[in-house]
Amino acid sequence: MTPRVWGRGSARVGGAKGLQDRLPPLAPPPGHSGRDSNWPNLSKRRTYRLGTSLGIIVSRASTACAGLKSLIFPFLIRGGKPTPLYSCVMAFVFCTYNGYMQSRYLSQYAVYADDWLTDPRFLTGFVLWLLGMLINIHSDHILRNLRQPGETGYKIPRGGLFEYVSAANYFGEVAEWCGYGLASWSVQGGAFALFTLCVLLTIAQQHHQWYLEKFEDYPKFRKTIIPFLF
């Protein structure tokens, strides 16, 4: 897998990381008007409508996360550095395709049992998604506030899960979308979680190695992305 770089590992070719690559999920999901009236099996209408309702819930939650990342976070960064245009373009393409695939499946093709919202898989996935989102937001908050106004240097992040891993924000995002994959119980959701893990794992390894080389006093017991394990 080709490493994806920005910030401390980026070249001088500029971009606007976050603002462009996460905008696609803010677009409304593809409509499903007329789909229900043509549903071939009337006995499955209730489960189809549940899938549609679940799709709306997950879509709105994901949109909230995307909105935070794309419209708020970039303007809160202090002393950020340029991002390679290639990384922005690839991220934009991925988010566009993935957003369409997820919303299309949930709004038009997903079929769930009537009691799916109380199913242990959905409840476990939802809790994991929520915890991951909170970890992600808190970790981003720690990173944003490492620098005082006017500072441009790098510092060792401390607090929260950064006491255990170098990439606490990435751990939160992986947990977030693994929870989504479990709650949606779909190939599409599982694929999203897998690719998120693969991409962020390579970046987390780069960051961890950079911290070890940059700071002599960097905590040696910190793992890369998974507390106590890796």
Side-chain angles (χ1 to χ4, degrees), residues 1 4 18 21-32 35-36 39 41 44-70 73 90-137 139-140 161 167-204 225-226 229-230:
M1 178 176 292
R4 187 180 171 201
D21 67 359
R22 293 183 183 268
L23 282 178
L26 295 179
H32 53 271
R35 180 70 172 87
D36 190 70
W39 193 250
N41 191 338
K44 292 184 178 180
R45 281 196 176 191
R46 291 180 63 190
T47 52
Y48 167 69
R49 289 187 178 122
L50 176 60
T52 301
S53 299
L54 176 61
I56 293 173
I57 293 173
V58 175
S59 176
R60 294 297 177 265
S62 301
T63 298
C65 293
L68 178 67
K69 284 286 190 177
S70 61
F73 180 77
M90 293 301 294
F92 186 89
V93 171
F94 170 79
C95 287
T96 299
Y97 176 76
N98 180 68
Y100 173 80
M101 179 177 66
Q102 303 298 332
S103 58
R104 177 81 172 183
Y105 170 76
L106 288 172
S107 64
Q108 296 200 0
Y109 299 105
V111 175
Y112 296 97
D114 290 341
D115 61 349
W116 179 250
L117 295 182
T118 59
D119 188 283
R121 291 167 292 180
F122 175 81
L123 295 176
T124 303
F126 177 78
V127 170
L128 182 60
W129 173 85
L130 182 61
L131 289 176
M133 181 184 69
L134 294 176
I135 292 172
N136 197 357
I137 292 174
S139 301
D140 283 344
L161 280 183
N169 52 332
Y170 293 155
F171 171 77
E173 190 158 351
V174 169
E176 193 175 340
W177 299 122
C178 284
Y180 163 79
L182 182 59
S184 66
W185 202 249
S186 64
V187 174
Q188 291 82 355
F192 183 20
L194 176 62
F195 279 103
T196 298
L197 174 62
C198 292
V199 171
L200 294 186
L201 184 62
T202 59
I203 303 173
I225 189 172
I226 303 177
L229 296 178
F230 178 79

J.: Considering non-hydrogen atoms only, spot the tightest contact between Thr118 and Leu123 and give its length.
T.: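 For Thr118 and Leu123, the tightest heavy-atom pair comes out as O-CD1, 3.6 Å.
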J.: Main chain of Val199, side chain of Thr202: is a donor-acceptor contact present, judged purely on distance under 3.5 Å?
T.: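 Side chain of Thr202 to backbone of Val199: a pair is present.
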J.: Rounded to the nearest 0.5 Å, what separates atom CD1 in Ile135 from atom CG in Leu161?
T.: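 CG of Leu161 is found 5.0 Å from CD1 of Ile135.
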J.: Considering all heavy atoms of both residues, which atom of Phe171 and which atom of Ile226 are nearest to each other, and what is their separation?
T.: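 Looking at all heavy atoms of both residues, the shortest contact is CD1-CA, 4.3 Å.
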J.: So, for Ala204 and Ala167, which heavy atoms are closest and what is the spacing to 0.1 Å?
T.: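 Result for this residue pair: CB-CB, 3.7 Å.
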J.: Minimum heavy-atom separation for Gly189 to Tyr180, with atom names?
T.: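 Answer, listing the atom of Gly189 first, then Tyr180: CA-CE2, 3.7 Å.
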J.: Consider side chain to side chain contact (heavy atoms under 4.5 Å, CB included). Of Asn136, Ile137, Leu131, which one does Met133 pass it with?
T.: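 The side chain to side chain contact (heavy atoms under 4.5 Å, CB included) with Met133 is passed solely by Ile137 among Asn136, Ile137, Leu131.
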J.: Are Thr96 and Val93 side-chain neighbours, meaning at least one heavy-atom pair lies under 4.5 Å?
T.: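 No; the side chains remain at least 4.5 Å from each other.
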J.: Given 3.5 Å as the limit, does a donor-acceptor pair link the side chain of Trp129 with the main chain of Gly181, or not?
T.: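 Not at all, since once roles are kept as given, no pair shorter than 3.5 Å links the two residues.
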J.: Working to the nearest 0.5 Å, report the span between CD of Gln188 and OH of Tyr100.
T.: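 Gln188 atom CD to Tyr100 atom OH measures 11.5 Å (nearest 0.5 Å).
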J.: Hey, does the side chain of Tyr112 reach the backbone of Ser184 with a donor-acceptor pair shorter than 3.5 angstrom?
T.: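 At least one qualifying donor-acceptor pair exists.
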J.: Could you tell me the separation between the CG atom of Leu201 and the OG1 atom of Thr196, rounded to the nearest 0.5 Å?
T.: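 Reported to 0.5 Å precision, the distance equals 12.0 Å.
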J.: Residues in ring pair (Phe, Tyr, Trp, His ring centres under 6.0 Å) with Phe192, at least two apart?
T.: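 Applying ring pair (Phe, Tyr, Trp, His ring centres under 6.0 Å) to Phe192 gives Trp177.
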J.: At their closest point, which heavy atom of Thr124 faces which heavy atom of Pro120, and how far apart are they?
T.: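 Heavy atoms only, the tightest pair is OG1-O, 2.7 Å.
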J.: Provide the closest heavy-atom pair for Leu117 versus Phe122 in the form atom of the first, atom of the second, distance.
T.: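 In terms of heavy atoms, the two residues are closest at O-CD2, 3.4 Å.
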